Amino acid sequence: MPDLSFELPVSQPFRFQRCLEYMTRSPLECLYEVDGDKVIRLIRAEGAAESALLEISCPDDRALRVRFLQGAPQSDAELSRIQSYIRDWFDLERDLAPWQRLAEAGPVLGPLARSMYGLRLIGIPDLFEALCWAIAGQQVNLAFAYKLKRRLTEAYGEAADREGRTYRRFPDPAALAGADPGELQALQLTKTKAAAIREVAALMQRGELSRAALLALGDFDAAERELVRVRGIGPWTAHYVRMRCLRDPRAFPIGDAGLHNAVKAQLGLDRKPTPQELQSLFAGWAGWEAYATFYLWHSLYELKTAALGKDNR
DNA sequence: TACCAGGTAACGT
DNA sequence: ACGTTACATGGT
């Protein structure tokens with residue numbers, strides 16, 4: 001196969017390694033492989049007949065280099081959709097300079113914004129994957145959420161092998177719309193989560209719910225109202241999807257337990273912050289709530305790895 | 001055993 | 001429109 005590749009430019013601030021650090025936060029991740037300075041992922045462009053295995057690297061922090069390891073786009077439209085997917089995944093279109101200035105200026109996020117310089121809000125461009133990930137993650141710790149995602153993916157997703165490794169794609173709605181509820185519960189999803197995932201799958205399969213349609217509403221609050229109509233999707237899940245899939249910079253899952261823990265740690269509180277405290281804290285980052293949340297989430301992970309490093313010494 | 005985890009629905013007032 | 005409560009399930 002000819003060496004098919006393309007580049008996607010990105011403006012500063014951008015540090016590919018920082019993004020990879022975020023992406024390796026869980027050894028249980030099953031939808032991509034981070035190998036040193038590159039990521040490998042199986043992707044299917046919307047409407048494409050076959051999936052493509054892509055390798056993404058970034059030698060100079062100025063442009064992502066994307067190489068097709070398997071499969072090739074069958075048309076310009078297909079190539080363009082793959083490019084959009086990757087721009088979306090790494091939030092390449094965003095001008096991060098205003099965020100960097102804003103965050104660095106304050107006492108709470110200043111140190112974080114400097115140590116995480118160039119970290120982009122890693123997205124989940126596929127709406128079905130984003131919703132299922134959020135639903136799986138409701139009220140459970142992250143490790144267990146990853147296990148649920150892995151079981152769903154291994155049971156219902158497509159796989160491709162290369163050089164002795166297996167790469168998987170999150171299941172399509174069609175695969176889960178008809179899934180047996182008992183079978184989903186056997187994966188340790190609760191009844192509520194199983195039902196919510198089946199409902200989302202059915203809606204998407206019937207074309208009654210799509211990322212394009214949500215974005216076409218032109219208003220993230222309207223998109224949220226659509227999402228919340230589905231039983232099993234509440235405000236947290238809706239904001240999570242606004243943040244990581246719809247790319248709403250103002251998404252703000254204010255009830256999130258991890259966010260509470262992160263704010264508690266950053267402010268040195270002996271208790272979790274109240275909603276009022278969160279509101280007034282985030283008022284300082286108006287317009288960038290999603291990035292503030294993302295950086296705070298990641299600060300928790302850095303705290304944990306720092307603690308582990310100390311134990312291992 | 002109790003409590004928590006990147007919540008939600010149902011039901012009170 | 002709000003505040004409370006029941007619920008579900010693995011991890012620590």
Side-chain angles (χ1 to χ4, degrees), chain A residues 22-31 112 116 119 121-124 129-152 170 181-200 203 221 224-248 250-267 269-279 281-282 289-305 307-308 311:
Chain A
Y22 168 80
M23 293 171 70
T24 52
R25 72 202 166 129
S26 174
L28 297 168
E29 177 60 64
C30 61
L31 295 181
L112 291 184
M116 297 182 192
L119 170 65
L121 200 168
I122 305 300
I124 307 176
E129 181 193 330
L131 277 166
C132 290
W133 171 237
I135 291 166
Q138 288 168 356
Q139 197 64 13
V140 299
N141 58 57
L142 268 182
F144 185 53
Y146 274 107
K147 285 186 190 170
L148 293 175
K149 180 169 83 164
R150 175 181 289 260
R151 289 176 191 155
L152 279 171
F170 192 77
E183 216 168 277
L184 291 179
Q185 285 172 56
L187 304 181
Q188 288 176 288
L189 288 157
T190 62
K191 286 177 189 167
T192 336
K193 289 183 181 184
I197 286 176
R198 277 165 44 84
E199 175 67 6
V200 167
L203 285 169
D221 289 324
E224 177 176 351
R225 284 194 293 277
E226 283 297 306
L227 288 169
V228 167
R229 285 169 55 188
V230 180
R231 182 183 294 241
I233 298 180
W236 177 84
T237 304
H239 271 267
Y240 192 90
V241 167
R242 283 172 67 157
M243 175 176 162
R244 297 202 62 194
C245 183
L246 303 183
R247 287 294 184 193
D248 171 13
R250 305 213 57 171
F252 180 25
I254 190 169
D256 181 82
L259 176 63
H260 298 167
N261 288 332
V263 169
K264 177 184 168 191
Q266 290 302 320
L267 296 185
L269 305 176
D270 56 0
R271 51 165 180 80
K272 292 196 168 188
T274 64
Q276 291 74 23
E277 286 171 321
L278 284 168
Q279 291 286 7
L281 181 64
F282 271 69
E289 288 87 344
Y291 260 87
T293 301
F294 191 73
Y295 273 43
L296 282 163
W297 275 344
H298 195 48
S299 74
L300 266 186
Y301 168 77
E302 306 224 300
L303 270 183
K304 270 181 216 155
T305 52
L308 282 177
D311 289 346

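Remember, it's a predicted structure, so these values are computed and weren't measured experimentally. So you know, we letter chains A, B, ... as the sequences are listed, proteins then strands, and number each from 1.
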**Complete:** Those stems involving DNA chain B that have three or more consecutive Watson-Crick or G-U pairs, both distances under 3.5 Å, are B:2-5 with C:9-12, B:7-13 with C:1-7
Can you pull every protein N or O that's under 3.5 Å from an N or O on nucleotides 1-3 of chain C?
none

**Item:** pair A:Leu121-A:Arg247: side-chain heavy atoms closer than 4.5 Å
**Value:** yes
**Request:** Figure out the CG/P separation between A:Leu148 and C:dA8, and round it to whole Å.
**Result:** 16 Å
**Request:** Could you pull out the closest heavy-atom pair between A:Ile254 and A:His260, with the gap in Å?
**Result:** O-NE2, 2.8 Å
**Item:** Distance, C1' atom - from C:dG3 to B:dA5, rounded to whole angstrom
**Value:** 22 Å
**Prompt:** Taking atom C1' of B:dA5 as reference, at what distance in whole Å does atom OH of A:Tyr301 sit?
**Reply:** 19 Å
**Prompt:** Touch check for A:Thr293, heavy atoms < 4.0 angstrom, all strands: base, sugar-phosphate only, or nothing?
**Reply:** nothing
**Complete:** Contacts of A:Arg150 meeting side chain to side chain donor-acceptor pair (under 3.5 Å) (sequence neighbours excluded), chain-then-number -> A:Glu154
**Prompt:** Going from CG on A:Leu267 to CG on A:Leu269, what distance comes out if it is rounded to the nearest 0.5 angstrom?
**Reply:** 5.0 Å
**Request:** Whole angstrom is fine here: how far is it from CG in A:Leu187 over to C1' in C:dA8?
**Result:** 16 Å
**Asked** If you check the A:Thr190 side chain, which of B:dA5, C:dA8, C:dG10 turns out closest?
**Response** C:dA8
**Request:** Please state how far atom CD1 in A:Ile135 lies from atom C1' in C:dT9, giving the value in whole angstrom units.
**Result:** 17 Å
**Message:** My understanding is that only one of A:Glu224, A:Arg244, A:Arg250 makes a side chain to side chain donor-acceptor pair (under 3.5 Å) with A:His239; could you say which?
**Reply:** A:Glu224
**Asked** Are any of A:Gln138's side-chain N or O atoms less than 4.0 Å away from OP1 or OP2 of B:dT8?
**Response** yes
**Asked** How long is the line joining NE2 of A:His260 and P of B:dC4, in whole Å?
**Response** 14 Å
Protein-nucleic acid N or O pairs under 3.5 Å, nucleotides 9-12 of chain B:
unit_1, atom_1, unit_2, atom_2, d
B:dA9, OP1, A:Gly232, N, 2.4
B:dA10, OP1, A:Arg231, NH1, 2.6
B:dA10, OP1, A:Arg231, NH2, 3.4

Scan the side chains in residues 139-147 of chain A for donor-acceptor partners under 3.5 Å anywhere in the protein, sequence neighbours excluded, and list what turns up.
unit_1, atom_1, unit_2, atom_2, d
A:Asn141, OD1, A:Ala143, N, 3.4
A:Asn141, OD1, A:Phe144, N, 2.9
A:Tyr146, OH, A:Arg25, NE, 3.0
A:Tyr146, OH, A:Arg25, NH2, 2.7

**Asked** Can you check the A:Arg151 CZ to C:dG10 P distance for me, whole Å?
**Response** 9 Å
**Request:** Under the salt bridge (charged side-chain N to carboxylate O under 4.0 Å, His left out) rule, collect the residues that match up with A:Arg151, sequence neighbours excluded.
**Result:** none
Under 3.5 Å, side-chain donor or acceptor atoms of residues 227-234 of chain A against the rest of the protein: list the pairs with distances, not counting sequence neighbours.
unit_1, atom_1, unit_2, atom_2, d
A:Arg229, NH1, A:Glu226, OE2, 3.1

**Complete:** With sequence neighbours left out, the residues meeting ring-ring contact (aromatic ring centres under 6.0 Å, His included) with A:His298 are A:Tyr22, A:Tyr301
**Asked** Would you say A:Lys149 and A:Leu31 make side-chain contact, with heavy atoms under 4.5 Å?
**Response** yes
**Item:** Under the side-chain contact (heavy atoms from CB on, under 4.5 Å) test, residues paired with A:Asn261 that sit two or more places apart
**Value:** A:Lys272, A:Leu300
**Euclidean distance for P, C:dT5 against B:dC3 (whole angstrom)** = 15 Å
**Request:** Using atom CG of A:Leu189 as one end and atom P of C:dC7 as the other, report the distance to the nearest whole Å.
**Result:** 20 Å
**Item:** Residues in side chain to side chain donor-acceptor pair (under 3.5 Å) contact with A:Thr293, at least two apart in sequence or another chain
**Value:** none
**Request:** Rounded off to whole Å, could you give me the CG-to-P distance for the A:Asp256 and B:dC4 pair?
**Result:** 16 Å
**Request:** List in chain and number order the residues that pass salt bridge (charged side-chain N to carboxylate O under 4.0 Å, His left out) with A:Arg225, two or more places apart in sequence or in another chain; answer none if no residue qualifies.
**Result:** none
**Request:** Mind running a 4.0 Å heavy-atom check of residues 139-147 of chain A against DNA chain C and sending the residues that fall below it, in number order?
**Result:** A:Gln139, A:Asn141, A:Phe144, A:Lys147
**Request:** Heavy atoms only: give me the nearest A:Trp236-A:Ala134 pair and the separation to one decimal.
**Result:** CZ3-O, 3.2 Å
